[in-house]
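One structure below.
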Amino acid sequence: MKIALKVDVDTLRGTLEGVPALLDLYQRYGVKATFLFSLGPDHTGRALRRIFRPGFFSKVQRTSVLSHYGLKTLLYGTLLPGPHISRRGRDIMRQAEKAGHEVGVHCYDHIRWQDFVANRDAVWTQQEMQAAIDSFQEVFGHQPSVHGAAGWQLNKHTLQLEQQLGFRYASDCRGQSPFIPHMEGETFQCPQIPTTLPTLDELLGCNGITEANVHEAVFAASRKPAPEGHVYTLHAELEGMKLLPVMEKLLQLWQKAEDDIGTLKDYIADLDTATLPCHELIMSEIEGRSGVLAVQGSKIDVGRNKTTQA
């Protein structure tokens, strides 16, 4: 089975502590991953605006947010000023690319994007994406080729801008297989490579799943049939820190099963993107996560502009 590792780096602490730990782990196991960086200010503390979102408190209780993120990070953007991540963490970001990992754009301001993009216009969306691209180019000296939307949140302008701003592919949503996205009556040409496997924060505390056995649940999900393989999204703040042993156990299981572990770039290299099916991209709920997020929907017959069963 092909397994693509997509590492979302949301915070300054995740950049400074989680990324180096993952780089060391992946070096020891001889695997590569795609690191998607938050490149602007760390305003994690502003996530408290979500307190009225259904399921928010239950997720916080299940995943022990304070122990994973730390008090200081949870005050950034409120009682403490938000530090600029790419300015403070550029050396570590460059280490990831130097070690042979793929690097790309997660966002500029993670909380701002995740909480507001769904209802913003094209101008707002372009400003946020361009700020992230500019910061990425300052760090790496070249254009990013992959975008992965923070919190799996987007609007149709995101999809339009991905093809205009030079991204070769994106991993903005949850789903079952790679596809060409169709949203609000428009088809966009930048291919989507959705996350197919559940994340740790969606599994922990549910159905008897603990830190001791959550790797078994993820591995079991990765055995489900998937002709193109699976995409696993992890977080530098979780698998790169307190839950690093979970990541190591997963690597051991996948390597024992002789799975092909690699980057999103490796994953898409084996695909004929010209023949990918077109699917609706919708906003919907998924188990274990509060609110709605971008999800792969029904297959579209673009020629007749009719939906067909996926």
Side chains of [X] and [Y]: do they bring a donor and an acceptor to under 3.5 Å?
X: E237; Y: T11; result: yes
X: Y169; Y: E162; result: no
X: H230; Y: T196; result: yes
X: D172; Y: H147; result: yes

Got a donor-acceptor contact below 3.5 angstrom from the [X] side chain to the [Y] backbone?
X: D266; Y: T263; answer: yes
X: S38; Y: V9; answer: yes
X: Q126; Y: V123; answer: no
X: T195; Y: T233; answer: no
X: N155; Y: V117; answer: yes
X: D10; Y: H110; answer: no
X: D42; Y: T44; answer: yes

Inset, instruction - Report the C-alpha distance between S284 and R174 in whole Å, list the side-chain angles of each, state the deciding distance to 0.1 Å, and finish with yes or no for side chain to side chain donor-acceptor pair (under 3.5 Å). - result: CA-CA 10 Å; S284 182; R174 307 296 290 269; over 6 Å; no
Between [atom1] on residue [X] and [atom2] on residue [Y], distance to nearest 0.5 Å:
X: L251; Y: H215; atom1: CG; atom2: NE2; result: 11.5 Å
X: E280; Y: I300; atom1: CD; atom2: CD1; result: 4.0 Å
X: R90; Y: T15; atom1: CZ; atom2: OG1; result: 12.5 Å
X: H182; Y: I282; atom1: NE2; atom2: CD1; result: 12.5 Å
X: H43; Y: R112; atom1: NE2; atom2: CZ; result: 10.0 Å

Beyond-backbone contact of [X] with [Y], side-chain heavy atoms, under 4.5 angstrom:
X: C173; Y: F179; value: yes
X: W113; Y: T158; value: yes
X: V139; Y: R94; value: yes
X: V231; Y: Y267; value: yes
X: Q137; Y: H142; value: no
X: L293; Y: I286; value: yes
X: T210; Y: V214; value: no
X: W152; Y: Q114; value: no

Inset, instruction - Walk me through it: do H106 and F37 pass the test ring pair (Phe, Tyr, Trp, His ring centres under 6.0 Å)? - result: CA-CA 5 Å; H106 195 34; F37 291 105; 9.5 Å; no
Inset, instruction - For the pair E97 and H101, evaluate side chain to side chain donor-acceptor pair (under 3.5 Å) and give the outcome as yes or no after the intermediate values. - result: CA-CA 5 Å; E97 184 174 51; H101 300 281; over 6 Å; no
Do other residues, nucleotides or ligands put more than 12 heavy atoms under 6.0 Å from the [atom1] atom of [X]?
X: E186; atom1: CD; value: yes
X: R223; atom1: CZ; value: yes
X: K2; atom1: NZ; value: yes

Legend entry - Step-by-step salt bridge (charged side-chain N to carboxylate O under 4.0 Å, His left out) determination, E102 to K265: CA-CA 7 Å; E102 182 180 28; K265 183 178 180 180; over 6 Å; no
Measure across [X] and [Y] and return the closest heavy-atom pair with its distance rounded to 0.1 Å.
X: A236; Y: L22; answer: CA-CD1, 4.1 Å
X: L39; Y: S86; answer: O-OG, 2.8 Å
X: L264; Y: S171; answer: CD1-CB, 4.0 Å

Legend entry - L276: partners by side-chain contact (heavy atoms from CB on, under 4.5 Å), with sequence neighbours left out: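 L276 satisfies side-chain contact (heavy atoms from CB on, under 4.5 Å) with P178, I180, P191, T273 once adjacent residues are dropped.
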Legend entry - Evaluation steps, ring pair (Phe, Tyr, Trp, His ring centres under 6.0 Å), between Y232 and W254: CA-CA 12 Å; Y232 178 59; W254 283 327; 5.8 Å; yes
Inset, instruction - Assess whether side chain to side chain donor-acceptor pair (under 3.5 Å) is satisfied between Y29 and E248, documenting all intermediate values. - result: CA-CA 9 Å; Y29 280 83; E248 183 165 15; 2.6 Å; yes
Inset, instruction - Starting from the C-alpha separation in whole Å, work towards a yes-or-no answer on side chain to side chain contact (heavy atoms under 4.5 Å, CB included) for Q130 and L165. - result: CA-CA 8 Å; Q130 191 62 57; L165 295 173; 3.7 Å; yes
Legend entry - Step-by-step side chain to side chain donor-acceptor pair (under 3.5 Å) determination, E138 to S135: CA-CA 5 Å; E138 288 177 6; S135 293; 4.9 Å; no
Inset, instruction - Give the intermediate values and the outcome of salt bridge (charged side-chain N to carboxylate O under 4.0 Å, His left out) for residues K6 and D8. - result: CA-CA 6 Å; K6 169 179 167 279; D8 287 353; 3.1 Å; yes
Inset, instruction - Considering only NZ, NE, NH1 and NH2 on the basic side and carboxylate oxygens on the acidic side, decide whether R120 and E128 come within less than 4.0 Å. - result: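 The answer is no: the pair does not qualify as a salt bridge.
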Inset, instruction - Indicate yes or no: does K249 engage E216 in a salt bridge with an N to O separation below 4.0 Å. - result: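 E216 and K249: not salt-bridged.
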